[in-house]
Amino acid sequence: MKRRLFLMLSGLASVAAPFAATAQTPAGNTVYAIVYRRGPAWRDGQPMSGQNLRPHLVYMQGLFDTGILYAGGAIGPEGGLALIIAADAAEAQRITDADPAVTLGVFAAEVHPWTRRFSRNEPLPWAGRPSA
């Protein structure tokens with residue numbers, strides 16, 4: 001019984017090991033999560049669609065087109081999340097600081113290294129077609 005438990009745990013550890021570190025791309029870059037929340041210039045009483053986010057959307061599309069933005073979208077009615085690829089934390093912070101939504105104060109943003117714990121080898125099952 002102990003041997004069977006040991007073999008089972010050893011197998012689980014070998015499967016989970018590749019996913020225990022900070023997510024890195026094949027080029028050695030790191031994936032960072034940018035968490036957006038309402039900033040000082042957020043217009044109270046206005047939905048996200050009523051905020052000055054057009055420059056942010058253009059900026060994010062540029063990051064997506066160049067391969068820096070992996071995924072992004074809204075979190076609830078007043079925030080968002082973006083996964084970006086950067087060489088290091090300083091570069092991730094520079095990318096975030098250059099975001100027009102941050103410079104205009106519509107959003108405040110925090111940058112965190114993203115540590116992958118669980119992952120599938122398939123695309124996300126989108127409820128709708130993601131915008132590209």
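Computed from a predicted model, the values in this text were never measured in an experiment.
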Handout entry: Cluster check I84, V35: I/L/V/M/F/W/Y, side chain < 4.5 angstrom
Key = no
Practice task
Please answer: with hydrophobic residues joined when any side-chain heavy atoms are less than 4.5 Å apart, are I95 and L104 in the same cluster?
Solution key: yes
From [X] [atom1] over to [Y] [atom2], what is the distance, rounded to the nearest 0.5 angstrom?
X: T103; Y: H56; atom1: OG1; atom2: NE2; result: 11.0 Å
X: F107; Y: R38; atom1: CZ; atom2: CZ; result: 10.5 Å
X: T30; Y: E91; atom1: OG1; atom2: CD; result: 10.0 Å
X: L81; Y: H112; atom1: CG; atom2: NE2; result: 9.5 Å
X: L53; Y: M60; atom1: CG; atom2: CE; result: 11.0 Å
X: I85; Y: W114; atom1: CD1; atom2: CH2; result: 10.0 Å

Exercise for the section: Identify, with sequence neighbours excluded, every residue that meets side-chain hydrogen bond (donor to acceptor under 3.5 Å, both in side chains) alongside Y36. Expected result: D99
Problem - side-chain hydrogen bond (donor to acceptor under 3.5 Å, both in side chains) partners for D97, two or more places apart - result: Q93
Exercise for the section: Keeping the roles fixed (side chain from Q51, backbone from R43), state whether a donor-acceptor pair exists under 3.5 Å. Expected result: yes
Compare every heavy atom of [Y] with every heavy atom of [X], then report the nearest pair and how far apart it is.
X: A89; Y: Y32; answer: N-OH, 2.9 Å
X: V111; Y: T96; answer: CG2-OG1, 3.2 Å
X: A86; Y: A92; answer: CB-N, 3.8 Å

Got a list of side-chain donor-acceptor pairs under 3.5 Å for residues 69-77, not counting sequence neighbours?
none

Exercise for the section: Find out whether M48 and W42 are in side-chain contact, i.e. whether some heavy atom of one side chain is under 4.5 Å from a heavy atom of the other. Expected result: yes
